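Inspection log for the structure reproduced underneath, given as structure tokens.
This one's a predicted model, so the numbers in the text were calculated from it and none came from an experiment.
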Amino acid sequence: METMNKNGFSTVNPANEKNLKSYTHMTDKEAGKAVEKCHEAYKEWRQYSVDERGKIIEAIGKALQERKSEFAELMTQEMGKLLKHGEQEIDLCTGICKYSAANAAEQLADEERELPEGGKGIITYSPIGVIYGIQPWNFPAYQVVRYSIANLMAGNGVLLKHAENVTGSALMLQEIYESAGLPKNLFTVLIIDHDQSDTIIENELVRGVTLTGSEAAGRHVAEKAGSVLKKTVMELGSNDAYLVLSDADIPMAAATCANGRIYNNGETCVAAKRFIVVDSIYDEFKKAFVERMSNIEMGDPTDDATDLGPMARKDLRDKLADQVKDSVEKGAKILTGGEVPDREGYYYPSTILADVTSGQPAYDDELFGPVASLIRAKDDEDAMSIANASRFGLGGGIFSKDENRAIQLAKQHFDTGMVFINSFGLAQPNMPFGGVKNSGYGREHGGFGVREFVNVKSIMKLNSK
């Protein structure tokens with residue numbers, strides 16, 4: 001993203017550093033008017049039955065499929081993801097639409113309860129108004145679909161401030177939503193800067209705020225929203241730990257961990273990032289892992305043979321390179337990769353750092369790119385202790401041939417919102433998504449997101465005495 005002037009910017013293809021399209025920020029008046037129009041659309045939409053909303057949401061899923069190739073190509077142009085990953089992203093979005101349309105009626109159904117002293121109680125889940133979403137660039141379609149579909153099903157209106165470098169994707173989503181029958185202005189893209197975003201949070205017509213982004217962004221937005229007493233949902237970063245225990249299937253674990261580190265060019269909040277391996281199998285795993293990561297083919301994201309595309313922006317690539325350099329200066333050792341290539345585009349190779357210890361960015365922080373932190377643990381118990389010592393808690397994984405034991409470890413000891421057993425994955429439409437600690441709060445998917453921004457209303461008829 002390159003700034004053109006005070007009011008404009010252009011999107012940039014990270015594979016060749018060429019400008020794609022220019023945009024102009026809305027004026028404050030235009031942004032305020034857009035909020036008002038969304039609120040007016042919400043007042044009509046909230047009267048739709050859940051089944052009526054569901055039909056339109058299901059149509060959105062179908063419309064996404066109809067434009068899958070076009071949308072995937074746009075995402076690749078704007079942020080560099082592999083074409084096949086973009087297509088998988090659209091498939092996930094369609095799955096979310098289908099699940100939401102099929103299950104929201106049950107999730108939002110009234111509940112009746114007998115009152116302790118006689119009488120009848122009804123609990124109803126009512127929409128609350130306009131929900132403002134601030135979303136990042138790494139999954140240009142999914143990040144938006146994740147919160148918008150749930151809130152539209154709940155009967156709310158939805159505003160979107162997307163990352164500037166994927167503005168085209170934001171506008172394509174709005175076009176697709178409306179082409180599928182969603183009332184105009186109910187889902188509205190705001191092309192605004194950060195100062196204007198703070199004003200939107202304070203707008204009295206905005207009833208809730210959801211953000212996916214960094215710790216720093218989460219603190220800022222939560223503070224702004226809290227100052228005006230508005231609920232927030234935060235999905236922030238992480239440095240997810242994948243534990244390779246003493247009885248793990250090492251070839252499978254190495255292959256899965258490599259995929260988990262480079263998927264989406266390594267730019268995934270719930271990616272595998274720290275690889276905590278017990279001492280008894282450390283050397284064997286390290287050899288297999290280095291072999292896998294060394295053979296990652298970096299190149300043109302539109303080429304089917306490519307495993308790893310460019311990072312989304314130059315500043316992000318440079319930050320990652322600085323984190324690697326800082327970690328090495330503090331004792332980490334590069335096993336493969338670790339050098340910015342001399343080529344066009346914002347590329348960074350698949351990299352493994354060993355001898356990773358506390359005090360290094362590779363140990364303490366989130367490395368948002370294809371860099372793996374290899375950490376040695378004394379035993380299984382020590383591995384879990386290292387994993388949980390992080391200030392983050394979004395996802396994680398356990399590799400062990402004893403799956404029942406791995407599940408028990410996940411349930412009783414792993415302090416994260418999501419755990420994968422002998423596998424790596426992102427999100428599933430029917431499972432809750434979200435984290436703990438500095439990875440945020442609130443849940444999306446699986447019926448949880450549809451209830452995040454509703455009025456849980458009690459209606460009571462007491463018996464006369």
Side-chain angles (χ1 to χ4, degrees), residues 35-36 38-58 96 99-133 146-159 182-183 185-187 201-211 221-235 411 417 429-436 440-465:
V35 177
E36 292 175 11
C38 185
H39 178 70
E40 290 302 313
Y42 148 74
K43 289 196 294 185
E44 292 188 20
W45 178 249
R46 65 170 293 146
Q47 301 303 325
Y48 283 47
S49 70
V50 176
D51 287 342
E52 288 171 330
R53 295 176 208 153
K55 289 176 182 177
I56 294 176
I57 297 305
E58 189 172 9
I96 292 168
Y99 178 85
S100 300
N103 292 278
E106 179 181 351
Q107 293 152 358
L108 296 170
D110 288 351
E111 299 176 28
E112 292 191 8
R113 297 185 180 180
E114 291 184 7
L115 302 179
E117 297 180 4
K120 183 170 122 177
I122 300 171
I123 302 169
T124 190
Y125 300 91
S126 303
I128 59 173
V130 174
I131 307 302
Y132 177 40
R146 187 173 72 204
Y147 87 95
S148 65
I149 293 300
N151 279 293
L152 291 169
M153 279 301 319
N156 294 321
V158 174
L159 300 172
L182 194 73
N185 300 318
L186 188 65
F187 173 82
I201 293 171
E202 295 168 353
N203 190 303
E204 63 180 9
L205 297 178
V206 172
R207 297 289 300 274
V209 183
T210 179
L211 173 136
V221 170
E223 181 179 359
K224 286 291 181 183
S227 71
V228 286
L229 298 177
K230 294 179 184 178
K231 181 182 179 180
T232 54
V233 167
M234 296 283 157
E235 195 276 277
K411 288 169 62 175
N430 64 338
M431 293 294 288
F433 185 99
V436 296
Y441 50 81
R443 289 295 180 269
E444 295 168 306
H445 298 327
F448 294 85
V450 78
R451 287 187 175 184
E452 283 287 359
F453 292 103
V454 294
N455 177 9
V456 184
K457 188 185 300 181
S458 295
I459 303 169
M460 290 165 280
K461 171 63 174 70
L462 304 176
N463 285 345
S464 299
K465 291 187 178 179

- Item | Heavy-atom closest pair, residues Cys38 and Leu186 | SG-O, 3.5 Å

- Query: Does the side chain of Val450 reach to within under 4.5 Å of the side chain of Tyr125, using non-hydrogen atoms?
  - Reply: no

- Item | Separation of Asn151 CG from Thr210 OG1 (nearest 0.5 Å) | 7.5 Å

- Euclidean distance, Leu182 CG relative to Ile57 CD1, rounded to 0.5 Å: 6.0 Å

- Looking only at heavy atoms, which two atoms of Arg443 and Val436 are closest? And how far apart? NH2-CG1, 3.9 Å

- Item | Over all atoms of both residues, closest heavy-atom pair of Phe453 and Gly208 | CE2-CA, 3.7 Å

- Message: I'd like to know if the side chain of Arg53 reaches the main chain of Arg46, judged simply by a donor and an acceptor atom lying under 3.5 Å from each other, with no hydrogens or angles considered.
- Response: yes

- From CG (Asn103) to CE (Met153), nearest 0.5 Å: 9.5 Å

- Task: Can you establish whether the number of heavy atoms outside Glu111 located under 6.0 Å from its atom CD is more than 12?
- Result: yes

- Query: Could you walk me through whether Tyr48 and Trp45 pass the ring pair (Phe, Tyr, Trp, His ring centres under 6.0 Å) check?
  - Reply: CA-CA 5 Å; Tyr48 283 47; Trp45 178 249; 4.8 Å; yes

- Lys230 side chain vs Ile201 backbone, donor-acceptor pair below 3.5 Å: yes

- Task: Grab the two heavy atoms, one from Asn156 and one from Ile128, that are nearest each other, plus how far apart they are.
- Result: OD1-N, 2.8 Å

- Task: Verify side-chain contact (heavy atoms from CB on, under 4.5 Å) between Val221 and Met234, making sure each step is shown before the conclusion.
- Result: CA-CA 9 Å; Val221 170; Met234 296 283 157; 3.8 Å; yes

- Query: Between Lys55 and Glu58, is the closest basic N to carboxylate O distance under 4.0 Å?
  - Reply: no

- Message: Given 3.5 Å as the limit, does a donor-acceptor pair link the side chain of Lys457 with the main chain of Ser126, or not?
- Response: no

- Item | Residues, nucleotides or ligands: over 12 heavy atoms within 6.0 Å of Glu52 CD | yes

- Item | side-chain contact (heavy atoms from CB on, under 4.5 Å) assessment of Thr232 paired with Leu211 | CA-CA 8 Å; Thr232 54; Leu211 173 136; over 6 Å; no

- Task: Working to the nearest 0.5 Å, report the span between OH of Tyr147 and CG of Leu152.
- Result: 9.0 Å

- Taking every non-hydrogen atom, the tightest pair across Pro127 and Ala154: CB-O, 3.3 Å

- Item | Worked verdict on Glu235 versus Arg146 for side-chain contact (heavy atoms from CB on, under 4.5 Å) | CA-CA 11 Å; Glu235 195 276 277; Arg146 187 173 72 204; 3.3 Å; yes

- Message: Rounded at 0.5 Å granularity, tell me how far CD in Glu114 sits from NZ in Lys120.
- Response: 11.0 Å

- Residue pair His445 / Pro429: nearest heavy atoms and the distance that separates them: CB-O, 3.7 Å

- Does the side chain of Glu117 come within less than 4.5 Å of Asn463's, by heavy atoms? no

- Message: Let me confirm one number: the CG-CD distance from Asn185 to Glu36, rounded to the nearest 0.5 Å.
- Response: 11.5 Å

- Take atom CD in Glu202; do more than 12 heavy atoms of anything else shown fall under 6.0 Å from it? yes

- Task: Could you go through the side-chain contact (heavy atoms from CB on, under 4.5 Å) check for Arg113 and Ile123 one step at a time?
- Result: CA-CA 8 Å; Arg113 297 185 180 180; Ile123 302 169; 3.4 Å; yes

